Amino acid sequence: MALDRSFYARPTVEVARALLGKVIRHARASARIVEVEAYLGANDPAAHSYRGLTPRTRVIFGPPGHAYVYLIYGMHHCLNIVAEPAGVAGCVLIRAVEPLRGIAAPSNGPGKLTRALGITLAHYGADLTRGPLTVHEPSAAETFAIAVSPRIGITQASDLPLRFFIAGNPFVSRSPARPLAQGKGPWKPEDV
DNA sequence: GTAATGATCTCT
DNA sequence: GAGATCATTACC
């Protein structure tokens, strides 16, 4: 039973954090979400939806619980999950997953996990509450600490703490270009 | 129609 | 540190 649409109809940051530890399934492959980034609509220059509704971003403004897939650098697909109620922009970039079943290739990066799971532009707008691509509650309850950092690979709003990942998980993609400023001293994963 | 840009990855 | 490679967007 996939997660209900109401799970996604919440503020983007809330959905991003809630997605950690959830299980994404496609065909016979399944994987655990270990790293995500929140992309807000308004007030977030780094978000594709920042400049308003275009043919590409229309799904981000639509009903939650759908997939926003796009091609980056002409060769890599990135998977996002639409959050917020219909009419409000907001999505969560899936940055890394931990293979659970049916996955051979590495999946510790946005472009890598789409390749490992077989996700392409054909999944643009796919409904994640039903169909071949779905998100589920993990079979066994688990506890973990959520760490926060700035988002990776962007040039705008690169200081906002909108990247969330499972602290210490070995499948997290990499360290942020710039550590999250939090008082003084070197950055460390922050329990939340 | 044309040009710039990029939420990446791999190799050097 | 550079190159691959193309959909999308902004501007003419």
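Bear in mind the structure is a predicted one, so any value in this text is a computation, not a measurement. So you know, we letter chains A, B, ... as the sequences are listed, proteins then strands, and number each from 1.
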Give every donor-acceptor pair under 3.5 Å between a side-chain atom in residues 61-70 of chain A and any protein atom, sequence neighbours left out.
{"from": "A/His66", "atom 1": "ND1", "to": "A/Gly125", "atom 2": "O", "distance (Å)": "3.1"}
{"from": "A/His66", "atom 1": "NE2", "to": "A/Arg5", "atom 2": "NH1", "distance (Å)": "3.3"}
{"from": "A/Tyr68", "atom 1": "OH", "to": "A/His48", "atom 2": "ND1", "distance (Å)": "2.7"}

[atom2] on [Y] to [atom1] on [X], rounded to 0.5 Å:
X	Y	atom1	atom2	result
A/Thr129	A/Met1	OG1	CE	8.5 Å
A/Ser107	A/Glu35	OG	CD	11.0 Å
A/Arg58	A/Ile60	CZ	CD1	10.5 Å

(request) Let me know, please, whether A/Ile72 or A/Arg56 comes out on the 5' side of the other along DNA chain C by nearest nucleotide. (result)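 With A/Ile72 and A/Arg56 compared, the 5'-side residue is A/Ile72.
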
(message) If you take any heavy atom closer than 4.0 Å to DNA chain C, which residues from residues 73-95 of chain A end up in contact?
(response)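 DNA chain C contact set from residues 73-95 of chain A: A/Tyr73, A/Gly74, A/Met75.
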
(request) Using a cut-off of strictly less than 4.0 Å between a heavy atom of the residue and any atom of DNA chain C, enumerate the qualifying residues of residues 96-127 of chain A by number. (result)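 Close to the strand, none.
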
Throw together a table of side-chain donor-acceptor distances under 3.5 angstrom for residues 116-123 of chain A, partners on residues two or more places apart or in other chains.
{"from": "A/Thr120", "atom 1": "OG1", "to": "A/Ala122", "atom 2": "N", "distance (Å)": "3.1"}
{"from": "A/His123", "atom 1": "ND1", "to": "A/Thr120", "atom 2": "N", "distance (Å)": "3.1"}
{"from": "A/His123", "atom 1": "ND1", "to": "A/Thr120", "atom 2": "O", "distance (Å)": "3.3"}
{"from": "A/His123", "atom 1": "NE2", "to": "A/His26", "atom 2": "NE2", "distance (Å)": "3.1"}

(message) Let's test your reading of the model: under 3.5 Å, does the base of C/dA7 pair with the side chain of A/Tyr70 as donor and acceptor?
(response)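 Such a pair does not exist between side chain and base.
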
(message) Just so I know, are the side chains of A/Phe164 and A/Leu19 near enough to count as touching, which here means a heavy-atom distance under 4.5 Å?
(response)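 A side-chain contact under 4.5 Å is absent here.
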
(message) Both atom distances under 3.5 Å, Watson-Crick or G-U wobble: I'd like the secondary structure of DNA chain C as a dot-bracket string, with | for pairs made across strands.
(response) ||||.||||||.

(message) Any carboxylate oxygen within less than 4.0 angstrom of a Lys/Arg side-chain nitrogen, looking at A/Glu137 and A/Lys22?
(response)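 Yes, this pair counts.
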
(message) Given 3.5 Å as the limit, does a donor-acceptor pair link the side chain of A/Ser49 with the main chain of A/Ala89, or not?
(response)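 Judged by distance alone, no pair lies under 3.5 Å.
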
(request) Of all the heavy-atom pairs spanning A/Ser173 and A/Ile152, show the shortest one and how long it is. (result)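 Scanning both residues completely, I find the closest heavy atoms to be OG-CD1, 4.2 Å.
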
(message) Testing A/Asp159, A/Asp44, A/Leu93 one by one against A/Arg151 for a side chain to side chain contact (heavy atoms under 4.5 Å, CB included), which residue passes?
(response) A/Asp44

(request) Could you check A/Val135 against A/Tyr8 for side-chain contact (heavy atoms from CB on, under 4.5 Å), going step by step and ending with a plain yes or no? (result) CA-CA 11 Å; A/Val135 182; A/Tyr8 304 99; 3.3 Å; yes

(request) Verify whether one side chain among A/Ser149 and A/Arg163 offers a donor that lies under 3.5 Å from an acceptor in the other. (result)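 There is such a pair between these side chains.
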
(request) Would you check, one step at a time, whether the test side-chain contact (heavy atoms from CB on, under 4.5 Å) holds for A/Leu160 with A/Leu40? (result) CA-CA 11 Å; A/Leu160 299 182; A/Leu40 317 178; 5.6 Å; no

(message) Within residues 38-55 of chain A, which residues have any heavy atom lying less than 4.0 Å from an atom of DNA chain B?
(response) A/Tyr39, A/Ala46, A/His48

